[in-house]
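Hydrogens, waters and symmetry mates play no part in the numbers below; they use all other heavy atoms, side chains included. What you see is a predicted model, and the numbers here were worked out from it, not measured in a lab.
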Protein chains: 2
Amino acid sequence: MSLADTARPQLKLRFIHLDTGRENVVVISRHSHALRPEIFRGFSRVELRQDSKVLLATLLITDDDGLVGPDEIGLSEPAFHRFARPPGSLVSVTPATSPVSLNAVRDKIQGKILSAAEIGAIVDDLAHYRYSDMEIAAFLISSASFMTSDELLALVDAMARAGTQIKWNVPIVVDKHCIGGIPGNRTSMIVVPIVAAHGLTIPKTSSRAITSPAGTADTMEVLTRVDLGVEQMKDVVAACKGCLVWGGHVNLSPADDILISVERPLSIDTREQMVASIMSKKIAVGSTHLLIDLPVGPTAKLANALDAMRLRKLFEFVGDHFGIAVEVITTDGRQPIGRGIGPVLEAQDVMAVLANDPAAPMDLREKSLRLAAHLLEYDPQMRGGSGYARARELLDSGAALKQMQKIIDAQGPSPCCNDVGDLAVDIASPDDGVVSGIDCLQLNRLARTAGAPINKGAGIRLFKKIGDRVEKDEPLYRIYAFDHSEQDLVATAAKASTGYAIDGGLPASNRRTA
Amino acid sequence: MSLADTARPQLKLRFIHLDTGRENVVVISRHSHALRPEIFRGFSRVELRQDSKVLLATLLITDDDGLVGPDEIGLSEPAFHRFARPPGSLVSVTPATSPVSLNAVRDKIQGKILSAAEIGAIVDDLAHYRYSDMEIAAFLISSASFMTSDELLALVDAMARAGTQIKWNVPIVVDKHCIGGIPGNRTSMIVVPIVAAHGLTIPKTSSRAITSPAGTADTMEVLTRVDLGVEQMKDVVAACKGCLVWGGHVNLSPADDILISVERPLSIDTREQMVASIMSKKIAVGSTHLLIDLPVGPTAKLANALDAMRLRKLFEFVGDHFGIAVEVITTDGRQPIGRGIGPVLEAQDVMAVLANDPAAPMDLREKSLRLAAHLLEYDPQMRGGSGYARARELLDSGAALKQMQKIIDAQGPSPCCNDVGDLAVDIASPDDGVVSGIDCLQLNRLARTAGAPINKGAGIRLFKKIGDRVEKDEPLYRIYAFDHSEQDLVATAAKASTGYAIDGGLPASNRRTA
C-alpha cells in the first residue's frame with residue numbers, strides 16, 4: 001500500500017457536521033477524482049496526510065454532493081480537531097495500513113508474552129487514536145485471558161506516560177479511589193475538604209457517570225464547575241490544597257479512556273485492566289500516597305472477601321513497583337451509602353454532613369471520617385491512631401465545610417441548577433418486616449431510568465436502610481423525575497421490583513410495637 | 001434499557017446517501033425531539049424498531065438539518081435495505097443492548113468451552129448483523145487461541161445453516177477448493193468444464209479478490225456474467241452440469257463473510273477459522289465430494305508439509321462428520337501457476353489451455369488435469385486410476401472447451417471489456433543466472449499496484465519461471481497498466497524488488513551457451 005502514498009491527487013479539507021463520538025470519520029464523494037471507490041470501501045480505514053501530519057480514520061462514501069464535493073474530503077468531529085488543519089488545506093488520502101504494534105497484539109493472541117517495548121508501542125498507538133475499535137478489542141481480549149506481572153507493570157507505566165503527567169512540589173500528595181458500584185457513595189466530597197483543611201495536598205480527579213446514575217464529577221458539578229484544565233486545577237490546589245474536578249479535561253492516561261470505551265460495551269472487566277486503569281491515572285496525577293476503597297457486598301463489584309483480597313494484592317504490587325504508598329481497605333458494600341441517589345440528592349447528603357446537620361446520613365459521615373483518618377495518618381506529623389479524631393475535629397468544627405466553600409469558590413460557579421425533580425412518586429413496601437437487603441444494581445437502574453445523571457435532580461431518596469423496620473404500604477423511597485413518561489416507566493419498574501428484601505419475622509400483632 | 005423502549009417519540013425514516021460498507025449506520029439530528037443526545041453518543045449502538053422488525057446500527061449525530069431533520073432518522077446503505085421499510089415509516093430508536101449471545105463470547109474469553117446451542121446463537125446473531133465490529137473481533141479472538149473439536153463442528157454446522165442451503169437431486173455433487181495465495185492459479189476454470197463435460201455435477205462458487213490481484217470470480221467475469229442468484233445458478237447447472245459464479249449473490253454461509261470482514265483487517269487466520277469458513281460454504285452449497293488444494297511453498301499460505309498435514313487432518317475430520325467425502329492434496333506453491341497475473345491475463349491462460357494452444361502454460365494444464373482426475377474418480381463408473389486419462393481426453397478432444405462455451409453462454413454476457421492495459425513496461429533481470437525462486441507475495445503486490453483486479457486488464461505476464469535461465473537485462477516479466485501514475489509506481493517498485501531470486505552459478509563465459 002505504501003507504494004500508492006505519493007502520487008494520488010489531493011483533496012480539499014472541509015468540516016462536516018457529523019458527531020462520531022471519539023471515532024475519527026471522514027467522508028468522500030463517490031465521484032471523487034482522488035479515489036478509487038473500489039479500493040476505498042465504505043467503513044474501511046484510511047490514512048490522511050499533510051506533510052508530517054497523519055490521521056487514521058474510518059471512511060464513509062457519499063453520493064450527496066452537497067455533503068462533500070468530488071474534490072473535497074469531509075472531516076467530522078473529532079477528526080477535524082485532531083487533524084488540526086484549516087478548511088481548504090490539501091490532504092492526501094490512502095488506504096490505511098494497520099499500526100505496526102498490531103503485530104504484538106497478534107503475538108499475544110497466540111499466547112506470547114510481550115516485552116515492555118511492545119506494550120509501550122501498543123499504548124502509544126492507542127493514545128494517538130491509531131487503533132480501530134476492532135483492533136482495540138483485539139488487544140483487550142488477547143490480554144484479558146492472561147497477563148504476566150511484568151506485562152501489567154509495563155502497561156501501567158506506558159499508560160501513565162502517554163498523557164499529561166503532573167508534578168507537585170510537595171513530598172506528600174494523597175489521593176483516594178473507590179472502584180465504584182455503590183449508589184450514593186460520595187465520600188470524596190467530604191474526605192477532600194477534611195484532608196485539605198488539615199493541610200495535605202489532595203488533587204482529586206473523578207469521572208462522570210457512564211453506567212451509574214452519578215459519578216463524583218456529576219455530583220460536584222451541582223455545586224461548582226468541574227471541567228477544569230490542568231493549569232486551572234493546579235491553581236485551585238495551590239489556593240486550597242485540594243480540588244474535586246472532572247478528569248476528562250486533564251488528559252490523564254488517555255489510553256485508558258480509549259480502552260474503557262471498548263471495555264464497556266463489551267462488558268470486559270478484568271482485575272489487571274481495572275488496576276492498570278486506576279494506577280496509571282494515579283501515577284500520572286502525581287499521587288504519592290493512595291487509599292483504595294473496595295466495597296464488598298452481594299450486589300457490589302466485589303462479592304466476597306477473597307475477590308477483594310486478590311485485587312488488594314494487585315494494587316499493592318503495582319503501587320510498590322512505582323513507589324506509591326498504597327493502602328487498600330474493604331468497606332461495607334451491601335447497600336447504598338447515604339440517602340440520596342442522583343447528583344442533586346447526593347450533593348444534599350454531602351453538604352448536610354459537612355454542615356453537621358443532625359439529619360445528615362450517619363453512614364456517609366462515618367465512612368468519610370474513616371477514609372479521611374487513613375489519609376491524615378500519611379502526615380508524618382500525626383501520631384499513629386490519631387487520624388480519626390483529627391478528621392472528626394476538622395468536620396465538627398466547620399473547618400471542612402469552610403474548606404469546601406473555598407474549593408467551590410476557586411473552581412467557579414456551577415453551570416447547572418440544583419432543583420430536584422418536580423415529579424415525585426413514593427414506592428411502598430409490599431410487606432411488613434425488617435429490611436434485610438438492598439439491591440444496588442436495581443437502585444442504580446431505577447435512578448437512571450428516572451433521568452439521572454442527565455437530569456441532575458432526578459434520582460431516589462431512600463427512607464429505609466438495612467435493619468430498619470418497615471410496615472406494609474410504608475414508603476421505602478421516593479423517586480424524583482422531570483418527565484411524565486420517565487416517571488411512569490420508573491414507577492412501574494420499581495413496583496415490579498423494589499430492590500428491597502423485607503424479612504417479615506414477627507407476628508402481625510407485634511409489628512407496630514416492635 | 002428495556003424500560004425505555006416503549007415511550008419514545010417516533011422518527012420518520014429517510015434514505016441518505018452514505019455508503020458505509022457492510023455496517024449498518026443511521027444518522028439523527030442533534031435537535032431530534034426523540035433523542036437525548038447525551039444518551040445516544042456518536043458511534044454508539046442503537047436499535048431501530050417498527051413492529052416486529054428490528055435493526056441494530058451505529059449512530060451518527062449531525063448538526064446539518066439538510067441531512068436529516070429533527071423528526072427524521074437517516075438510514076444509509078446497507079441499513080436502509082436491510083431494514084426494508086419505506087421512507088416516511090415511523091420507527092422508534094433506543095440504545096441497543098448487546099446481543100444475549102455475547103455472554104457466551106465473554107465465557108469463551110474466560111476460557112470456557114461453549115455448547116452447540118451457544119455457538120448457534122452467536123452465529124445467528126452474526127448472520128443477522130447484530131454484532132458490532134468490536135463484538136465480532138471479541139468472538140474471533142476468544143476462539144482463535146483455543147477451540148475444541150466439538151466447538152469447531154458446532155461452528156461449521158451453525159454457519160452452514162445460517163444462509164442459503166442448496167439441494168441437488170443427484171447422488172454426487174463434486175467441488176474443489178484452493179486455499180489461495182498463488183498468483184495465476186485459475187485451475188477451477190479448466191477443472192469445472194472437464195468435470196461437467198464428463199457428466200458430473202459441479203456447481204462452483206468462487207470469491208472475488210480482496211487482497212490478491214484476482215479471484216476466480218474476477219477472472220471468469222472477463223468471459224461471462226458471474227453475479228447470478230441461486231435460481232439462475234441452478235438453471236445453469238441444470239443445463240451445463242457445472243457453473244462458475246461469484247458466491248456473493250448466493251448467500252452461502254453469510255456469517256462467514258461477516259467474520260472475514262473482521263479477520264482480514266486484523267490479519268487473524270487460524271486453521272479452525274479457515275476450515276469453518278470453507279466447509280460451511282461447501283455444506284451449504286450441497287457438495288458431497290470435495291477436493292482441497294493446499295499449495296505449499298516459502299511464500300505460499302503453507303510454508304511446509306507439516307502445516308499442510310495438520311490442516312489436511314482438520315478438513316478430513318470435519319468432512320467425515322458431515323458426510324462429505326474430502327480429499328486433500330498438497331501442490332507446488334513455490335511460484336505462480338501459468339503466465340498471467342490479473343483477470344484478463346489469467347483468462348487468456350485458461351482459454352489457451354482449453355483450446356489446446358501449443359503456447360498455453362503447461363503447468364496450469366498439468367495441475368488442472370491432476371485435480372480433474374481426482375474429481376472424475378468420484379464417479380463410481382470410472383475405473384480406479386483412469387481419471388487422468390479421462391481428463392486429458394476431455395481436454396484434448398475439445399469437449400472441455402465446448403463445455404466452457406456452453407457455461408459461458410448460459411451465464412450470460414460479460415459486463416467488462418477484456419483488453420490488457422495499454423501501458424506496458426518490462427522488468428529486466430539484474431543478473432545472469434537461473435531463476436531459483438519467485439516471491440508470490442511480491443508479484444501479488446505488484447499486480448495490485450498495477451491496478452488489478454479493478455482494472456481487469458492490469459497485471460503481469462511472466463516470461464521466466466523457476467529453473468529458467470535468464471541473462472542480465474533480459475525481461476523477467478511485463479507489467480500492464482492503464483494509468484501513468486500507477487505504471488510509474490509499479491515499475492519503481494518492481495525495479496527495487498523484482499520478486500525473483502536469480503542464482504548465478506556459472507562462469508560468465510558459459511552463460512550464453514548453457
Side-chain angles (χ1 to χ4, degrees), chain A residues 3-4 6-8 16-23 25 27 30 36-39 41-45 59-64 66-67 76-77 98 102-103 105-106 109-111 132-138 140-142 144-145 262 265-268 445 449 454 485-486 488-490 492-493, chain B residues 3-4 6-8 16-23 25 27 30 36-39 41-45 59-64 66-67 76-77 98 102-103 105-106 109-111 132-138 140-142 144-145 262 265-268 445 449 454 485-486 488-490 492-493:
Chain A
L3 290 173
T6 47
R8 299 231 176 258
I16 57 168
H17 290 283
L18 275 182
D19 173 354
T20 56
R22 63 169 182 78
E23 192 85 7
V25 173
V27 184
R30 195 178 299 285
R36 298 247 292 264
E38 301 91 338
I39 298 182
R41 290 156 195 265
F43 243 69
S44 65
R45 298 278 287 174
L59 177 71
L60 304 180
I61 299 168
T62 185
D63 296 296
D64 179 352
L67 197 60
S76 63
E77 286 300 344
S98 289
L102 206 61
N103 289 330
V105 174
R106 289 185 199 106
I109 293 170
Q110 297 303 318
S132 67
D133 275 0
M134 71 173 85
E135 290 165 346
I136 297 168
L140 280 172
I141 292 154
S142 66
S145 47
V262 171
L266 289 177
S267 295
I268 307 170
R445 273 192 294 267
T449 305
I454 297 153
S485 69
E486 283 169 343
D488 292 347
L489 284 171
V490 64
T492 305
Chain B
L3 291 171
T6 48
R8 299 228 175 261
I16 57 168
H17 290 282
L18 274 182
D19 173 354
T20 57
R22 63 171 183 80
E23 191 87 6
V25 173
V27 183
R30 195 178 298 282
R36 300 244 291 263
E38 300 90 340
I39 298 181
R41 289 156 196 266
F43 244 69
S44 65
R45 299 278 288 174
L59 177 70
L60 304 180
I61 298 168
T62 185
D63 296 294
D64 179 352
L67 197 60
S76 63
E77 286 299 346
S98 288
L102 206 62
N103 289 331
V105 173
R106 289 186 198 106
I109 293 171
Q110 297 303 317
S132 68
D133 275 358
M134 70 172 87
E135 290 166 345
I136 297 168
L140 281 172
I141 292 154
S142 66
S145 47
V262 171
L266 288 178
S267 297
I268 306 171
R445 273 192 295 267
T449 305
I454 297 153
S485 71
E486 284 171 343
D488 291 347
L489 284 172
V490 64
T492 304

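Side chains of A:Leu18 and B:Leu67 form a contact here, defined as non-hydrogen atoms less than 4.5 Å apart. Between A:Leu266 and B:Met134 there is a side-chain heavy-atom pair separated by less than 4.5 Å. Considering only heavy atoms from C-beta on, A:Leu60 comes within 4.5 Å of B:Leu60 through its side chain.
For B:Leu140, no part lies under 4.5 angstrom from a heavy atom of chain A. Using a 4.5 Å cut-off between heavy atoms, B:Val25 touches chain A through its side chain atoms alone. With a 4.5 angstrom heavy-atom cutoff, A:Val27 touches chain B only via side-chain atoms. Heavy-atom distances place both the backbone and the side chain of A:Ser267 under 4.5 Å from chain B.
Atom CG of B:Leu59 is separated from atom OG1 of A:Thr20 by 10.5 Å, given to the nearest 0.5 angstrom. To the nearest 0.5 Å, the span separating CD on B:Glu77 from OG1 on A:Thr62 amounts to 11.5 Å. The CD1 atom of A:Ile109 lies 4.5 Å from the CD1 atom of B:Ile141; values are rounded to the nearest 0.5 Å.
Nearest heavy atom pair, residue A:Asp64 against residue B:His17, reads N-CB, 3.7 Å.
B:Glu23 pairs by the salt bridge (charged side-chain N to carboxylate O under 4.0 Å, His left out) definition with B:Arg45, not counting sequence neighbours. Not a single side chain to side chain donor-acceptor pair (under 3.5 Å) links B:Asp488 to another residue, sequence neighbours left out.
Here B:Pro265 is the residue among B:Pro265, B:Gly111, B:Ala144, B:Ser98 with the most heavy-atom pairs under 4.5 Å with chain A.
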